[in-house]
Number of protein chains: 2
Amino acid sequence: MYRAIAQDIIKSIIAEEYETKLPTEKVLMARFGASRNTIRKAIDVVFQHGLLRRVQGSGYFIIKAPQNSATVLNLSIGFDRAAMVAGGPLVSKVVTFDKVQANEALAQQGNVAVGDELYRVVRLRYLKDALYDLEESYFPRAAVPFLSLDSVQHSIFAFLREAYGIYGSTTENYVHQVRLDAPRAKLVGLPVGDKTMCLDGINYLANGTVFNFSSTYFVYEDLELYYHTENIDLQD
Amino acid sequence: MYRAIAQDIIKSIIAEEYETKLPTEKVLMARFGASRNTIRKAIDVVFQHGLLRRVQGSGYFIIKAPQNSATVLNLSIGFDRAAMVAGGPLVSKVVTFDKVQANEALAQQGNVAVGDELYRVVRLRYLKDALYDLEESYFPRAAVPFLSLDSVQHSIFAFLREAYGIYGSTTENYVHQVRLDAPRAKLVGLPVGDKTMCLDGINYLANGTVFNFSSTYFVYEDLELYYHTENIDLQD
DNA sequence: ATTGATTTGTTCGTATGTATC
DNA sequence: GGATACATACGAACAAATCAA
């Protein structure tokens with residue numbers, strides 16, 4: 001229920017139905033026929049997407065800036081979702097699609113056991129003919145029974161959602177800079193040793209198992225990763 | 001109440017009082033003498049700090065990895081807080097401390113009006129003699145009445161909290177790569193044009209006004225910015 | 001393999017506090 | 001000061017996933 005309401009509110013924000021503020025909780029309660037607790041839970045979700053700022057006694061204010069764009073990826077809504085609306089869908093060119101066994105390094109990176117069987121998908125992704133990123137993605141077979149070449153050419157997450165009802169619940173993200181090695185540099189057309197912004201992510205199912213982990217090397221010019229945090233006053 | 005409980009739970013996690021799981025809600029209710037809703041609200045806070053993964057029917061599992069360290073900044077707990085425990089306090093060398101008026105670019109960056117009076121603090125920060133970052137920070141005088149040179153040499157946020165009860169409620173963060181211009185390159189000792197990871201942040205008070213915005217250029221080797229997201233299933 | 005107990009997830013109602021207008 | 005609007009807290013009930021007997 002609160003998910004649907006949140007979804008609805010987010011759509012309204014994107015459609016710019018509200019100028020600067022959300023309607024009051026009271027109004028939303030009437031509109032959606034839900035209790036105050038449910039409305040507030042829904043607003044929490046919208047807030048966590050980085051779309052709101054709240055002021056007690058005044059209201060919920062819409063944040064204009066982080067609207068997902070070609071150069072701003074709102075990671076608060078999840079990388080997969082962010083990448084889907086970044087000024088048009090990304091086009092994937094599959095470089096590698098095979099199965100590998102997790103070695104020490106991969107096991108460490110993906111929080112899985114050494115020897116686990118993994119689908120490996122390496123893709124170059126383009127936004128309107130401009131190279132956007134290089135994505136090296138792994139899917140443990142224990143969690144993902146089957147991946148087709150076709151699914152891998154489009155949105156893998158969308159495929160998993162539709163085919164298996166697999167949906168990520170939490171993601172751990174690490175942003176850092178990496179000096180490109182020769183093979184990767186060649187793939188993205190940058191000099192060897194170039195400092196590139198990289199997002200490492202681990203995606204968990206609701207039951208706590210890893211169904212995906214990946215490294216994404218960003219090439220696109222002037223790209224910004226946006227996210228939003230709430231600072232609760234934990235006086236110590 | 002839920003803040004204090006959250007604080008307590010976080011301390012316990014850091015002190016490694018729990019092995020892999022949190023006690024059940026029932027136990028926590030008894031321990032803190034609070035209702036289930038309040039306990040769950042507190043756990044939400046801990047969760048948003050990126051310290052937990054939750055599994056319905058099973059429990060709350062502690063995430064080991066993102067423990068703040070010298071090379072991992074957990075931004076889910078707020079940059080200021082993360083920087084304070086990054087393997088020892090950072091030592092600041094103040095480069096500039098003065099008052100300026102917001103020009104077009106600053107007004108844009110900080111979501112303030114052109115002409116607003118700003119404290120400007122530029123600092124180099126070190127971790128055990130190694131340069132950690134270059135921080136260019138601005139504090140609108142409308143929100144921050146006074147800053148002393150002394151306060152600026154230590155944790156400014158701690159000073160604001162203690163002196164004025166000023167506490168940030170939400171932060172908007174943008175991570176990107178910047179090619180260093182000559183003055184900045186000289187300050188940090190990197191080549192001009194070097195691609196450097198930069199964190200732009202805007203900090204808001206609970207009443208919605210900006211009390212700080214900043215750009216932080218990271219120099220420290222192998223630094224990773226960590227954050228944690230929850231992906232709510234908004235089926236569309 | 002089914003059942004039953006445990007544990008977290010969702011939703012309602014209600015009351016009171018606090019900041020803003 | 002009064003009305004409005006968001007924040008916090010308690011109690012209760014049922015749903016859904018997990019786990020152990």
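A, B, ... follow the sequence lines: proteins, then strands. Residue 1 opens every chain.
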Nearest nucleotide by nearest heavy atom, which residue falls closer to the 5' end of DNA chain C, S35(A) or F61(A)? S35(A)

Pairing donors with acceptors under 3.5 angstrom, does anything connect the side chains of N74(A) and H49(A)? no

If each of R36(B) and N207(B) is mapped to the nucleotide of DNA chain C with the nearest heavy atom, which maps nearer the 5' terminus, i.e. the 5' end? R36(B)

Which ones in residues 24-33 of chain B lie close to DNA chain C, meaning a heavy atom under 4.0 Å from one of its atoms? T24(B), E25(B)

By nearest-heavy-atom nucleotide on DNA chain D, the more 5' of N37(A) and V55(A) is V55(A)

Which pairs pass salt bridge (Lys or Arg N to Asp or Glu O under 4.0 Å) with one or both residues in residues 96-111 of chain A, sequence neighbours excluded? D98(A)-R120(A)

With sequence neighbours left out, write down each residue that passes side-chain hydrogen bond (donor to acceptor under 3.5 Å, both in side chains) with N173(A), or none if nothing qualifies. none

Quick one: list whatever passes side-chain hydrogen bond (donor to acceptor under 3.5 Å, both in side chains) with T209(B), sequence neighbours left out. N207(B)

Distance under 4.0 Å to a non-hydrogen atom of chain B counts as contact; along DNA chain D, which nucleotides mark the start and end? dT8(D) to dC19(D)

Partner residues of F211(A) under the ring-ring contact (aromatic ring centres under 6.0 Å, His included) criterion, sequence neighbours left out: F157(A)

With sequence neighbours left out, write down each residue that passes salt bridge (Lys or Arg N to Asp or Glu O under 4.0 Å) with E25(B), or none if nothing qualifies. R36(B), R40(B)

Can you list the residues that meet the side-chain hydrogen bond (donor to acceptor under 3.5 Å, both in side chains) rule with D44(B), with sequence neighbours excluded? R54(B)

So the ring-ring contact (aromatic ring centres under 6.0 Å, His included) pairs with at least one residue in residues 26-47 of chain A (sequence neighbours excluded) are F47(A)-H228(A)

Mind checking ring-ring contact (aromatic ring centres under 6.0 Å, His included) for F139(A) and listing every partner two or more places apart, or none if nothing turns up? none

If the condition is side-chain hydrogen bond (donor to acceptor under 3.5 Å, both in side chains), which residues does N111(B) pass it with, not counting sequence neighbours? Y204(B)

Does anyone know the first and last nucleotide of DNA chain C in reach of chain B, 5' to 3', at under 4.0 angstrom to a heavy atom? dT7(C) to dT20(C)

When all nucleic acid strands are considered with a 4.0 Å heavy-atom cut-off, which category describes R54(A): base, sugar-phosphate, or nothing? sugar-phosphate

